[in-house]
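Only a predicted model underlies this, so the values are computations on that prediction, with no experimental measurement involved. Order of the sequence lines sets the chain letters (A, B, ...), proteins ahead of strands, with each chain counted from 1.
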There are 2 protein chains.
Amino acid sequence: MQWQLRGDRPIYQQLMDRLTEQIVSGQLGPGDKVPPVRELAAEAGVNPNTMQRALADLEREGLMYTNRTSGRYVTEDREMIAKIREQIASDRIAEFLAGMNQLGFTEQEIVGLLEKRQKGEEKHGE
Amino acid sequence: MQWQLRGDRPIYQQLMDRLTEQIVSGQLGPGDKVPPVRELAAEAGVNPNTMQRALADLEREGLMYTNRTSGRYVTEDREMIAKIREQIASDRIAEFLAGMNQLGFTEQEIVGLLEKRQKGEEKHGE
DNA sequence: ATGGCTGTATTATTATCATAATACAAAGAA
DNA sequence: TTCTTTGTATTATGATAATAATACAGCCAT
């Protein structure tokens, strides 16, 4: 997995985002064992404390739970996962549209640009 | 103007974003006088030093210039402004699509959601 | 010339983030 | 039992951000 961390936001928040995406997209399924803190930290090139903070925060959100010494697992509440996925999507759409409007783009233009980008992508991968 | 600053990113960066939007959308036109640092800072509820940093950075990008004691002005290079606008739009679209793909949404679904949101908005404002 | 407005510079203080380096407790395996 | 793996806690250090409080230089109108 590629973590692609940037410098413009707290790392632990970016880690939370990536892990949430993993869960919400099913790459980390309900009940799946989450790799150990130290392993994830090493993989992401981050201090274990930082990864620990991200995981603890995700746990407070209910996306994971801990079996004290055996490890950490993804929640089995599929409904919650689905809800969070929809919520994130909704937020991103709202933010994207608001931002584009602020730049002076109309909804029509935006959809047009998206479809244009889509066609461009088809010529390359997938 | 509403600045709507959040806590998840450096304030000076958010200030840069807002000011750039103002210029790129024409609310601050080429050659227009930019309000004094202290005034902008007060309006945004921010320390003058922080606003100063944002403005200085925008100046380094070429979006503004300073007439030492008379004040600060928006660049008159309309082409540069237009280019930056397109660049920002392009970046946002790419980031938005990548993020939504990561959540498991196809391009078709995304466009569908956008159009749905668009219809919902029509019932309210504008 | 004086006072006010402009951008700019300086110093200090506080908070958050990230890292480093350990240490400990509990469960499970050898 | 002993060792390893797990999450967790603690202390210290450095970097960046943001604030506060000033101060200075240049232009301009009075």
In whole angstroms, the gap separating P of D:dA23 from CD of B:Gln52 amounts to 19 Å
Assign each of A:Gln14 and A:Thr69 to its nearest nucleotide of DNA chain C by heavy atoms, then name whichever residue's nucleotide is nearer the 5' end. A:Gln14
What is the distance from CZ of A:Arg9 to C1' of D:dA17, rounded to the nearest Å? 17 Å
Nearest to side-chain heavy atoms of B:Ile11, which nucleotide of D:dA18, C:dA18, C:dA27: D:dA18
Among D:dT8, D:dA18, C:dT19, the nucleotide that comes nearest once only the side chain of B:Thr50 is considered: D:dA18
Which nucleotide in the set C:dT8, C:dA20, C:dC17 lies at the smallest distance from any side-chain heavy atom of B:Arg68? C:dT8
Quick one: does A:Asn49 reach the base of C:dA20 with a side-chain donor-acceptor pair under 3.5 Å? yes
Polar side-chain atom of B:Arg72 near backbone of B:Pro35 as donor-acceptor pair, under 3.5 Å: no
Residue pair A:Ser70/B:Pro48 against DNA chain D: nearer the 5' end by closest nucleotide is A:Ser70
Counting neighbours of CZ on A:Arg78 that are heavy atoms of other residues, nucleotides or ligands and sit closer than 6.0 Å, is the number greater than 12? no
D:dA17 phosphate, OP1 or OP2, under 4.0 Å from B:Tyr12 side-chain N/O: yes
Counting the atoms with a prime plus P, OP1 and OP2 as sugar-phosphate, which does B:Arg53 contact under 4.0 Å by heavy atoms, base, sugar-phosphate, or nothing? sugar-phosphate
Salt bridge or not between B:Arg6 and A:Glu95? Use side-chain N to carboxylate O under 4.0 Å. yes
Just the rounded figure in Å: distance from P of D:dC28 to CG of B:Asn67. 10 Å
Output yes when a side-chain donor or acceptor of B:Lys33 lies under 3.5 Å from a complementary backbone atom of B:Ser70, and no otherwise. yes
Distance check needed: D:dG7 P versus A:Leu58 CG, whole Å only. 14 Å
Regarding B:Thr66 and B:Glu59, do their side chains bring together a donor and an acceptor under 3.5 Å, going by distance alone? yes
Atom CG of A:Leu15 to atom C1' of C:dT19: distance rounded to whole Å? 14 Å
Figure out the CE/C1' separation between A:Met16 and C:dA18, and round it to whole Å. 16 Å
Within less than 4.0 Å of OP1 or OP2 of D:dT8, is there a side-chain N or O belonging to A:Arg72? yes
Winner on side-chain proximity to B:Thr66, out of D:dT8, C:dT8, C:dA27, is C:dT8
To the nearest Å, give me how far apart CG (B:Asn47) and C1' (C:dA12) are. 13 Å
Suppose we call a contact any N or O donor and acceptor under 3.5 Å apart; does that hold for the side chain of A:Arg38 and the base of D:dT8? yes
Select from B:Glu39 and A:Gly45 the residue whose nearest nucleotide in DNA chain C is closer to the 5' end of that strand. B:Glu39
Between C:dC17 atom P and A:Met51 atom CE, what is the distance in whole Å? 16 Å
